[in-house]
Amino acid sequence: MPELPEVETVRAGLAEFVTGARVTKVEVFDTRSLKRHEGTESDFIATLVGRRIEAAVRRGKFLWLPLSLAKSDKAQLALIGHLGMSGQILLRTPKFEPDKLTRIVLYLTAADGQKYEMRFVDQRIFGSLAIDQMQPTEDGGVGGFSAQVGLAAPWRNLIPAQVAHIARDPLDLEFDQAKVLAAFKKKQSGIKRVLLDQGVLSGIGNIYADESLWLAKLHYDQPAATLSKAKSLELLAFVQKVLAEAVAVGGTSFDEQYKNINGESGYFSQSLNAYGMTGFPCKRCGRAIRRDSWMNRGSHLCPSCQKLSR
DNA sequence: ATGGACACCTGTGGGC
DNA sequence: TGCCCACAGGTGTCCA
């Protein structure tokens, strides 16, 4: 489900309501949702209870909540969340009806005394929560992202170890276009594979890759190295435009699989030109959008506008 | 380096 | 109604 716009919508909601909240209790209903956690279930719970949530931070599709220090800590810790294909984080008041497929619940008391249940809901269990150590990074941590959301030190200079391999995302103010262009030049792989490579640039998944490629009139298998500098810059500009517009409307929701922290859908599905539009006329040329099987998933494109070149 | 298959999972919808 | 198949916003690993 969730790509950058959906994760950012969740992050922004958490930042508003759980910054400064204290964890009072944790329940784990399915330990498979702790698959990225390196300790045990009881260690996960014991580490969280009593901590204060200091912020809500994101890079690409990873989000994390930096935690207050405890005396025994050797490093700053954070609660990392990855939503996988079907993960949600719902913030409910205590008497709110149960949510199906709830895997983990954090019971919180906000700074103003309001009590919440932060419910990690995940149909397919490809997502997870985990506690991880934060570390300084070579590229200056989440500085660019921090500037965007007003994140304070020390959180702006640290990244969880598990997120260290994730490249800056296109909405990060310190996103390095030149670095990404250099990576394109070295890759013989199709451009869509490269857009989905979270180590080159992060946050893009199947929806926003297909949408960006449709806007740029590029075929998914066009080798990245064959793109001119101008074409690459045009593509990155479309990527940023699509991601920013999707963030502005709360992401893309097709069904029950993506909701914000209040359980509300996003509206970007109304703006889709290619993804999920199989058989509908291309909004540029009228030819039917086609779905190709590709990498064990689907790629949606206009066969007229998006041809392989050379 | 590159691309393909597959594993991890549950749920939904279409065709018969 | 039931059964089977295809398909779903991600990531990681193994193998030619």
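Letters go in sequence order (proteins before strands), and every chain restarts at 1.
- The side chain of Tyr275(A) has dA8(C) as its nearest neighbour among dC6(B), dA8(C), dG4(B).
- The nucleotide dC9(B) finds no pairing partner, because no Watson-Crick or G-U wobble arrangement with both distances shorter than 3.5 Å includes it.
- By the 4.0 Å N-to-carboxylate-O rule, Arg168(A) lies close enough to Glu174(A) to be salt-bridged with it.
- Using a 4.0 Å cut-off between a side-chain N of Lys or Arg and a carboxylate O of Asp or Glu, Arg59(A) and Asp169(A) do not qualify as a salt bridge.
- A salt bridge does not link Asp122(A) to Arg124(A): none of the charged nitrogens lies less than 4.0 Å from a carboxylate oxygen.
- When side chains are defined from C-beta on, Cys282(A) counts as touching Trp214(A), because their heavy atoms get closer than 4.5 Å.
- When heavy atoms are screened at a 4.0 angstrom cut-off, Gln188(A) is found touching the sugar-phosphate backbone but no base atom.
- You'll find that the side chain of Asn206(A) is closest to dG10(C), out of dT2(B), dG12(C), dG10(C).
- Taking only side-chain nitrogens and oxygens, Arg32(A) comes nearer than 4.0 Å to OP1 or OP2 of dT10(B).
- Closest to the side chain of Gln198(A), out of dT2(B), dT11(C), dC9(B), is dT11(C).
- Distance, Arg59(A) CZ to dG10(C) P: 19 Å, rounded to whole Å.
- The side chain of Arg193(A) contributes an N or O atom lying less than 4.0 Å from OP1 or OP2 of dG3(B).
- One finds a side-chain N or O of Ser189(A) lying less than 4.0 angstrom from the OP1 or OP2 phosphate oxygen of dG3(B).
- Residue Leu101(A) contributes atom CG, which lies 8 Å from atom C1' of dG11(B) at whole-angstrom precision.
- Nucleic acid contact class of Phe254(A) (heavy atoms, under 4.0 Å, all strands): base.
- As rounded to whole Å, 9 Å separates atom C1' of dG12(C) from atom NZ of Lys35(A).
- Residue contacts for Leu196(A): at a heavy-atom cut-off of 4.0 Å it reaches no nucleic acid atom on any strand shown.
- Atom pair Lys61(A):NZ and dG10(C):C1' shows a separation of 6 Å (rounding to whole Å applied).
- Between dT11(C), dT10(B), dA8(C), one nucleotide has an atom nearer to the side chain of Arg291(A) than all others, and that is dA8(C).
- Between Tyr258(A) and Phe268(A), the gap from one ring centroid to the other reaches at least 6.0 Å.
- Of all nucleotides listed (dG11(B), dG4(B), dG12(C)), dG12(C) comes nearest to the side chain of His165(A).
- dC7(C) sits 15 Å from dC6(B) when the P atoms are compared, rounded to a whole Å.
- Rounded to an integer number of Å, the gap from CD of Gln123(A) to C1' of dT12(B) is 8 Å.
- Asp122(A) comes within 4.0 angstrom of nothing in the nucleic acid, heavy atoms only.
- Minimum atom distance to the side chain of Phe126(A) is reached by dC9(B), of the listed dT11(C), dT2(B), dC9(B).
- Set against dG10(C), dT10(B), dT2(B), the side chain of His82(A) has dG10(C) as its closest nucleotide.
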